[in-house]
Amino acid sequence: MNNDIQKKWEMLHSQSRFRPKYPSEQIVQFVFRNFTRNEKTKVLDLGCGAGRHVYFMANENIDTYGVDISKEGISNAKKTLEYAGLKATLKVAAVDELPFEDNIFDGIVCYGVLYYCKKYEIKKAIEEIYRILKPSGKGILVVRNKKDYRFGDGKEIEKNTFIIQEEDSNNGAFNENGMTMHFFEKDELQSLFSKFKNVFIDEIIETHENGKFCDSNFKVVFEK
Ligand SMILES: C[S@@+](CC[C@H](N)C(=O)[O-])C[C@H]1O[C@@H](n2cnc3c(N)ncnc32)[C@H](O)[C@@H]1O
């Protein structure tokens, strides 16, 4: 675990504007399509941050778990749940060392997390996902790709991995300055998920200001 990155996340999570409240449409669709919404369905939100997807799933009666590297993120997620009278199991942990037994989750959601990791952590995190999913358990992963406007910002430390250095404070990437950011390629994801079955890799692209900025992600849906 990189302590500088952890500190940066503690700082971001301490500001309410970095704590999105509403779930991503991608996660809502995936959960509704794939899981029975009751307390027998166990789903982990990997890198849950301030807990918008933890809240969403707990509110749907799912047996919800969340982990994040940031204590501040987990603490905010706990407050949101408490306020709503909902329950979930939340732990501070890194994506590449998960505090769970093998084969216990029906599902995993991981939105906007793994691109902040170095390649060895990403590889280990995906091995961990495989380990803790039940056979036939399903997951969704959303990660940035090379069409994203941030690609190429800052110093490249590994292939397609940069230490973000955005000069313009009006750009969202400015808040990510100093962070590691990996931009995925499709064949890289195919290789990382080669042990899984029914792997579908699609793109989510959203442009802003007449196309000046492009947020571009891969959505990977997979099954153990
Ligand atoms: C952009 S936020 C997304 C949070 C949440 N998934 C959501 O969609 O609201 C990225 C999150 O990843 C967490 N994170 C970054 N690196 C991590 C790691 N190595 N292990 C666990 N969590 C990590 C950060 O603390 C942060 O909460």
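Whatever order the structure lists them in is the order used to number ligands and atoms, beginning at 1.
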Out of all atoms in ligand 1, which are within 4.0 Å of some heavy atom of Cys48? Include the element for each.
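What qualifies from ligand 1 is 5 (C).
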Contacting atoms of ligand 1, where contact means under 4.0 angstrom from a heavy atom of Ser70:
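Reading through ligand 1 atom by atom, the close ones are 25 (O).
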Could you work out, for [atom], the closest of [options] by heavy-atom distance?
atom: atom 6 (N) of ligand 1; options: Gly66, Cys110, Pro23, Gly47; result: Gly47
atom: atom 18 (C) of ligand 1; options: Asn76, Ile69, Ile27; result: Ile69
atom: atom 20 (N) of ligand 1; options: Leu98, Val92, Val95; result: Val95

Is a side-chain donor-acceptor pair under 3.5 Å present for Lys138 with Asn198?
no
Using a distance-only test with no angle check, is there a side-chain donor-acceptor pair under 3.5 angstrom linking His182 and Glu121?
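There is no such pair (donor and acceptor under 3.5 Å, judged by atom type) between the side chains of His182 and Glu121.
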Would [X] and [Y] pass as an ion pair if we require N to O under 4.0 Å?
X: Lys147; Y: Glu203; result: yes
X: Glu127; Y: Arg131; result: no
X: Lys159; Y: Glu185; result: yes
X: Lys219; Y: Asp202; result: no

Where does Gln6 meet ligand 1, judged by heavy-atom distances below 4.0 Å: at the side chain, the backbone, both, or neither?
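The answer is neither; Gln6 stays 4.0 Å or more away.
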How does Ala125 reach ligand 1, if at all, at less than 4.0 Å between non-hydrogen atoms: by side chain, backbone, both, or neither?
neither
Ligand 1 N/O within reach of [X] N/O, cut-off under 3.5 Å:
X: His13; answer: yes
X: Tyr111; answer: yes
X: Gly112; answer: no
X: Leu46; answer: no
X: Glu121; answer: no
X: Asp45; answer: no

Going by heavy atoms, is [X] under 4.0 Å from ligand 1?
X: Cys117; result: yes
X: His53; result: yes
X: Ala93; result: yes

How about NZ on Lys123, more than 12 heavy atoms from neighbouring residues, nucleotides or ligands closer than 6.0 Å, or not?
no
Walk me through whether Tyr22 and Phe56 qualify under ring pair (Phe, Tyr, Trp, His ring centres under 6.0 Å).
CA-CA 8 Å; Tyr22 298 103; Phe56 157 65; over 10 Å; no
Does the cation-pi check pass for Arg52 over Tyr111, that is, NZ or CZ under 6.0 Å from the six-membered ring centre and within 45° of its axis?
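So Arg52 does make the cation-pi contact.
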Heavy-atom side-chain proximity of Asp153 to Phe162 below 4.5 angstrom:
no
